[in-house]
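Encoded as structure tokens, the structure appears first; notes follow it.
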Amino acid sequence: MTQPSADLPKTYDPQEVETRWYTFWEAQGFFLPNLAEQAPPFAIMIPPPNVTGTLHMGHAFQDTLMDVLTRYHRMRGAKTLWQPGSDHAGIATQMVVERQLEQEGSSRHDLGRAEFINRVWQWKETSGNVIGTQLRRLGASCDWSRERFTMDEGLSRAVTQVFVRLFNEDLIYRGQRLVNWDPVLHTAISDLEVESEEEDGHLWHFRYPLADGSDHLTVATTRPETMLGDQAVAVHPEDERYTHLVGKQVHLPLAERPIPVVADDHVDPEFGSGCVKITPAHDFNDYQMGQRHDLTLLNIFTEDARINHNAPAAYQGLDRFKARERVVAEMDAAGLLASVEDHRLMVPRGDRTGTVIEPFLTDQWFVQVGPLARPAIEAVERGDIRFVPDNWAKTYYEWMYNLEDWCISRQIWWGHRVPVWYCAECDGDHLTLHGLGNLGEGGTPNQLAAHGVALVEAINQAEHIHVGSNATPIVPGTEDERPQRCPNCGSDKLIQDPDVLDTWFSSALWPFSTLGWPEDTEELRTFYPTTVLVTGFDIIFFWVARMIMMGCKFMNNVPFEEVYVHGLVRDSEGNKMSKSKGNVLDPLDLIDGIDLESLVEKRTSALMQPDKAKAVETMTRKEFPEGIPAFGADALRFTFASLATMGRDIKFDLGRIEGYRNFSTKLWNAARFNFMHVSQPPEAPAGRTWPDRWIVSRLQRTEAEVADAMAAYRFNDAGHAVYDFIWHAYCDWYLELAKPALQGDDPQAAEGTRFTMIRVLEAGLRLLHPFMPFVTEEIWQRAAPLAGCEGATIMRQPYPAADEALIDAEAEADYAWLEAFVGALRSIRGEMNINPYQAIPVLVRGGDERDRQRIANHRPFIDALARPERIDWLGQDAEAPQAAAELVGELQILVPLEGLIDLEAELQRLDKELEKVAGDLAGSRKKLGNPDFTDKAPAEVVAREREKLAEFEERYNQLRGQRDRLSGLQE
RNA sequence: GGGCGGUUAGCUCAGAGGUAAGAGCGCCGGUUUUACACACCGGAGGUCACAAGUUCGAUCCUUGUACCGCCCACCA
């Protein structure tokens with residue numbers, strides 16, 4: 001068993017403590033749920049980070065919230081699973097490894113498919129999943145024994161199952177469609193992976209001559225190069241300028257072929273000339289119009305967006321942007337360029353490569369989402385899934401009602417390969433094998449056979465296989481991994497579809513695939529549906545919606561009951577953090593610290609535009625002149641929890657984390673104080689003093705507050721309640737109130753105080769543990785035995801729950817009185833600049849019997865906290881000396897001025913106070929003078945207002961009298 | 001074009017139809033007291049973006065305006 005050091009240093013050193021405890025927890029298996037336990041389940045699936053990724057602030061934020069929830073529910077007795085894992089991140093990972101190969105002067109094509117995939121696995125084993133280590137540093141209490149990877153055998157089987165079942169239900173189909181094509185990656189991507197930004201461009205106006213040479217039409221385009229694929233010119237059917245031309249032909253320049261003029265509602269007569277060129281194979285709108293008018297789909301691009309053989313010879317092989325220049329130049333030369341104007345337009349770019357995406361005509365696999373969407377929408381409507389905050393449900397509906405079919409095939413190598421085969425014999429003409437190495441150039445199976453090439457060998461060697469639209473898919477039977485023979489001809493020469501599935505296809509299954517589906521496992525029965533999903537709004541469409549669809553489809557139940565949607569972590573200026581902007585903070589640097597030079601180096605090395613390095617450096621040096629100190633994981637976690645307010649982005653500033661680092665130190669020192677006074681378990685006292693009863697009462701209130709806040713995912717409120725309790729109630733007041741007894745000469749009183757002091761500390765540690773797991777464990781290990789607790793770890797102790805019976809109104813009233821009394825004296829001291837250690841004589845007057853008793857009973861506390869020299873009662877009519885005065889209820893507290901206080905200063909102070917009370921008084925009178933208020937407002941509100949008025953009046957008169965006496969004496 | 005969110009103390013943010021709007025940081029003044037200067041004590045600081053409406057009462061509800069931000073959408 002790990003033990004905290006016997007002599008606690010003055011300041012808490014998180015680094016050593018944190019790693020020590022994490023190792024212990026993990027080794028002891030404290031993170032694993034006990035399936036045999038009779039307890040309600042609580043499960044959270046981690047949104048699987050990319051295996052290529054490192055922990056950024058967004059992760060750290062999100063994972064902190066998940067861990068707070070996990071630890072909280074675990075301590076509350078739930079059978080708790082936080083399921084960790086990572087995502088194979090097809091495109092991202094493939095890019096990482098390809099970049100490596102590039103540095104070695106190689107490429108994936110040099111390696112071939114099988115070898116390349118090998119290489120990726122190798123990379124994954126050695127350097128993948130850095131995040132796992134980082135999560136541990138953060139304190140994440142995931143069940144690492146159940147860690148999953150989306151390409152694990154089990155998860156891959158789930159992918160195949162899902163694909164085959166959807167395919168057999170016609171919910172997955174293959175089709176030739178216009179898709180978003182990334183010419184750098186040579187793959188299709190989904191709509192969601194395209195990010196459109198407004199950019200500066202031009203609008204070119206071209207003249208297309210009529211075929212009969214009589215006139216011309218002017219069309220406007222932002223993409224001149226696509227004209228090589230134009231199939232028509234469209235005008236609005238009611239546009240009188242052009243109706244007579246509909247049905248005629250224009251001559252398409254450069255391509256030198258005739259195309260028709262068609263009429264279509266979609267054309268906006270107000271825009272440009274009111275004529276639109278139609279390129280059905282290269283624009284989504286034009287594709288639609290092409291369908292309506294039965295136009296040919298003429299593709300003029302290659303896979304890397306060069307001009308292909310369908311265009312005039314002079315253009316073939318040209319890059320799209322070069323082709324654009326050339327088209328413009330030639331049109332201009334031919335006198336057909338009418339004008340050019342500047343134009344802002346939305347440019348679609350790939351979210352990974354940043355390259356301009358092309359609408360491109362290819363064969364792809366799609367999920368028909370309509371039938372899947374309906375139950376998923378209903379699940380949220382019915383309340384089976386609740387979004388927190390609930391406005392996100394609207395965003396969800398909005399998207400779900402407008403779903404387009406989901407393109408799930410990707411032309412990359414790293415990922416789950418589409419579980420579809422084709423028969424080389426039956427489909428001998430529809431399959432083309434490319435890059436066969438020494439077997440030759442390639443060709444269809446039939447052609448290869450004609451040349452005497454062994455098909456199986458060719459299949460194995462093919463670097464790329466093209467599957468024609470008419471090929472017949474063969475999918476595995478439900479239990480099989482792959483079909484052995486063609487069901488049609490019995491041939492075993494089957495060729496697998498070359499595409500892999502969108503990464504999100506497998507992540508959509510995460511909530512059940514990680515629990516063992518399609519097997520009916522105990523974990524699945526126990527933890528599905530999971531309790532809550534914690535995620536950012538940015539992946540509601542990518543991931544959340546798809547999990548709901550898949551869960552409803554394959555589990556007949558929602559994947560989670562609640563979705564907590566958090567905001568984005570931004571820098572202190574409110575900018576999105578990004579490496580290319582050089583404004584990122586690494587959560588690990590906040591935990592362990594980093595010196596300025598390293599920080600500057602780190603931030604300037606990953607810039608997109610290297611010329612910004614100077615600015616980034618200046619900014620960094622200004623913001624972090626001393627670098628970043630090691631705040632510790634606890635401080636970082638508490639900061640995130642405190643900033644986690646509903647549906648709002650958070651700006652991360654160092655002041656906040658510094659404050660919470662201080663909080664951990666504060667707690668540390670409160671513990672040191674305890675250990676100074678408590679060395680063995682104190683005896684339970686026969687009766688408790690009022691400060692003891694008060695702090696216990698206050699603890700119950702805090703516990704209730706935390707429970708309410710946690711139930712509503714109000715992490716900030718929960719954190720604040722604990723903070724306020726520990727710092728302001730326990731440290732500032734309770735420990736100060738404990739000192740007289742601890743240092744006094746009544747051993748029984750001291751023992752009773754020790755008893756309460758250590759037990760409240762212990763409860764406070766448990767209360768705080770989900771937020772600050774490390775420092776609480778470190779202290780708890782030592783405090784627990786003294787507080788009569790047993791156990792190997794705080795993280796498996798029961799979470800403190802409020803006990804109504806321990807709420808003590810009387811003790812709370814005593815405390816409130818004392819706080820006011822002491823506060824009054826401190827305020828006089830503070831404002832009159834009296835040294836805190838100079839004893840001051842105090843006179844009291846007025847008040848009631850209760851006040852008398854309290855002054856007598858609480859005298860030791862008053863002495864300790866306010867240091868009066870003596871307290872004397874003054875008769876109601878007795879002449880008071882010149883004095884500074886405060887009021888506690890009706891009790892007047894006077895501090896004689898003589899030798900202590902400046903009369904002028906006290907008069908000013910009184911005037912200020914009088915002014916304030918006069919304002920309150922007037923407000924209250926006005927309110928009560930309004931018959932509408934007294935008649936219509938609820939009786940209790942009116943009654944409370946009357947009480948208030950009486951108080952104000954009393955207070956005002958007292959202050960007035962004091963002021964008059966003082967100024968009278970002055971004259 | 002549609003939708004969503006924001007505007008409260010110098011800064012970062014909480015907040016509820018009804019006392020006198022809060023916290024942390026920062027600021028000002030005081031204190032090295034035997035847990036803690038990463039501390040303690042006292043204090044200053046807000047027309048709750050603007051306008052109208054509902055109400056006995058609005059900073060909170062409604063509508064509108066302004067500014068900021070985000071998401072979605074096919075105007076070439």
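Lettering of chains follows the sequences in order, A, B, ..., and the numbering in each one begins at 1.
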| Audit row: A:Trp399, A:Leu192, side chain to side chain contact (heavy atoms under 4.5 Å, CB included) steps and yes/no | CA-CA 11 Å; A:Trp399 192 66; A:Leu192 287 174; 3.9 Å; yes
How many whole angstroms separate atom [atom1] of [X] from atom [atom2] of [N]?
| X | N | atom1 | atom2 | answer |
| --- | --- | --- | --- | --- |
| A:Asn930 | B:U55 | CG | P | 14 Å |
| A:Leu928 | B:G57 | CG | C1' | 12 Å |
| A:Leu735 | B:A35 | CG | P | 10 Å |
| A:Arg955 | B:U19 | CZ | P | 18 Å |
| A:Ile779 | B:C36 | CD1 | C1' | 12 Å |
| A:Lys926 | B:A20 | NZ | C1' | 16 Å |
| A:Glu947 | B:A20 | CD | C1' | 15 Å |
| A:Tyr956 | B:A20 | OH | P | 17 Å |

Any donor-acceptor N/O pair, [X] side chain to [Y] backbone, under 3.5 Å:
| X | Y | answer |
| --- | --- | --- |
| A:His205 | A:Ser339 | no |
| A:Glu736 | A:Trp733 | no |
| A:Arg829 | A:Asn835 | yes |
| A:Thr753 | A:Ala741 | no |
| A:Tyr12 | A:Lys666 | no |

Using the [atom1] atom on both, measure [N] against [M] and round to a whole Å.
| N | M | atom1 | answer |
| --- | --- | --- | --- |
| B:C38 | B:U32 | C1' | 15 Å |
| B:U47 | B:A66 | P | 24 Å |
| B:C13 | B:G53 | C1' | 30 Å |
| B:A16 | B:C25 | C1' | 25 Å |
| B:A23 | B:G46 | C1' | 14 Å |
| B:G43 | B:A9 | C1' | 14 Å |
| B:G69 | B:U8 | P | 15 Å |
| B:A52 | B:G5 | P | 25 Å |

| For A:Lys277, the option from A:Thr226, A:Leu252, A:Ile259 that meets side chain to side chain contact (heavy atoms under 4.5 Å, CB included) | A:Thr226
Which atom pairs link the protein and nucleotides 7-12 of chain B when you take only N or O atoms and keep those under 3.5 Å?
{"residue": "B:U7", "atom": "OP1", "partner": "A:Arg648", "partner atom": "NH1", "Å": "3.4"}

Quick test: give all pairs of protein nitrogen or oxygen and nucleotides 37-40 of chain B nitrogen or oxygen below 3.5 Å, distance rounded to 0.1 Å.
{"residue": "B:C38", "atom": "O4'", "partner": "A:Asn662", "partner atom": "OD1", "Å": "3.0"}
{"residue": "B:C38", "atom": "O2", "partner": "A:Arg661", "partner atom": "NE", "Å": "2.9"}
{"residue": "B:C38", "atom": "O2", "partner": "A:Asn662", "partner atom": "OD1", "Å": "3.0"}
{"residue": "B:C38", "atom": "O2", "partner": "A:Thr665", "partner atom": "OG1", "Å": "2.7"}
{"residue": "B:A39", "atom": "OP1", "partner": "A:Asn662", "partner atom": "ND2", "Å": "3.0"}
{"residue": "B:A39", "atom": "O3'", "partner": "A:Lys666", "partner atom": "NZ", "Å": "3.0"}
{"residue": "B:C40", "atom": "OP1", "partner": "A:Lys666", "partner atom": "NZ", "Å": "3.0"}
{"residue": "B:C40", "atom": "OP1", "partner": "A:Trp727", "partner atom": "NE1", "Å": "2.4"}
{"residue": "B:C40", "atom": "OP1", "partner": "A:Asp732", "partner atom": "OD1", "Å": "3.3"}

| Dot-bracket summary - RNA chain B, pairs being Watson-Crick or G-U whose distances fall under 3.5 Å, with | when paired to another strand | (((((((..((((....[...)))).(((((.......))))).....(((((..]....))))))))))))....
| query | How are the rings of A:Tyr208 and A:Phe206 set to each other: parallel, tilted or perpendicular (split at 30° and 60°)? | reply | parallel
| Taking the inter-plane angle between the rings of A:Tyr723 and A:Tyr660 on a 0 to 90° scale, is it parallel (under 30°), tilted (30 to 60°) or perpendicular (over 60°)? |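 Answer is perpendicular, since the angle exceeds 60°.
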| message | Is the distance from the ring center of A:Trp392 to that of A:Phe387 below 6.0 Å? | response |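 Between A:Phe387 and A:Trp392, which both carry aromatic rings, the centre distance is not below 6.0 Å.
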| query | Side chains of A:Asn575 and A:Asn583: is there a donor and an acceptor less than 3.5 Å apart? | reply |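 Result is no, nothing qualifies.
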| request: Please check if any side-chain donor atom of A:Asp342 sits under 3.5 Å from a side-chain acceptor atom of A:His202, or the reverse. | output: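 Yes, because at least one side-chain N or O of A:Asp342 sits under 3.5 Å from a partner of the opposite role on A:His202.
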Could you list the protein-to-nucleotides 27-32 of chain B atom pairs, N/O on both sides, closer than 3.5 Å?
{"residue": "B:G29", "atom": "O2'", "partner": "A:Asn833", "partner atom": "OD1", "Å": "3.3"}

| field | By side chain to side chain donor-acceptor pair (under 3.5 Å) - contacts of A:Arg944 (at least two apart) | value |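 Listed in chain order: nothing, the list is empty.
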| message | Checking A:Asp405 now: which residues fulfil side chain to side chain donor-acceptor pair (under 3.5 Å) with it, not counting sequence neighbours? | response | A:Tyr173
Taking only residues two or more places apart in sequence or in another chain, which ones pass side-chain contact (heavy atoms from CB on, under 4.5 Å) with [X]?
| X | result |
| --- | --- |
| A:Thr702 | A:Arg698, A:Val706, A:Ala721, A:Phe725, A:Leu767 |
| A:Glu953 | A:Leu921, A:Arg925, A:Leu949 |
| A:Met346 | A:Ser196, A:Glu198 |

| query | If only side-chain N and O atoms of A:Lys394 are considered, is one of them under 4.0 Å from the OP1 or OP2 phosphate oxygen of B:G5? | reply |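 No, because none of the side-chain N or O atoms of A:Lys394 sits under 4.0 Å from OP1 or OP2 of B:G5.
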| said: side-chain hydrogen bond (donor to acceptor under 3.5 Å, both in side chains) for A:Asp724 and A:His728? Distances and angles first, verdict last. | reply: CA-CA 5 Å; A:Asp724 188 57; A:His728 296 125; 3.0 Å; yes
| message | Counting only heavy atoms from other residues, nucleotides and ligands, does the tally under 6.0 Å from CG of A:Asp745 exceed 12? | response | no
| Contact class for A:Glu736 vs. all strands (heavy atom < 4.0 Å): base, sugar-phosphate, or nothing? |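 Result for A:Glu736 = base.
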| request: Summarise how protein sits on nucleotides 67-76 of chain B as a single string, 5' to 3': B when a protein heavy atom is under 4.0 Å from the base, S for sugar-phosphate-only contact, - for no contact. | output: ------BBBB
Sequence neighbours left out, cut at 3.5 Å: what donor-acceptor pairs do the side chains of residues 627-637 of chain A make with other protein atoms?
{"residue": "A:Asp634", "atom": "OD1", "partner": "A:Phe774", "partner atom": "N", "Å": "3.1"}
{"residue": "A:Asp634", "atom": "OD2", "partner": "A:Phe774", "partner atom": "N", "Å": "3.4"}
{"residue": "A:Asp634", "atom": "OD2", "partner": "A:Val775", "partner atom": "N", "Å": "2.7"}
{"residue": "A:Arg637", "atom": "NE", "partner": "A:Phe771", "partner atom": "O", "Å": "3.2"}
{"residue": "A:Arg637", "atom": "NH1", "partner": "A:Asp67", "partner atom": "OD2", "Å": "2.7"}
{"residue": "A:Arg637", "atom": "NH1", "partner": "A:Leu138", "partner atom": "O", "Å": "3.1"}
{"residue": "A:Arg637", "atom": "NH2", "partner": "A:Asp67", "partner atom": "OD2", "Å": "2.9"}
{"residue": "A:Arg637", "atom": "NH2", "partner": "A:Pro770", "partner atom": "O", "Å": "2.7"}

Between the protein and nucleotides 15-18 of chain B, are there any N/O to N/O pairs under 3.5 Å, and if so, what are the atom names and distances?
{"residue": "B:G15", "atom": "OP1", "partner": "A:Arg714", "partner atom": "NH2", "Å": "2.4"}

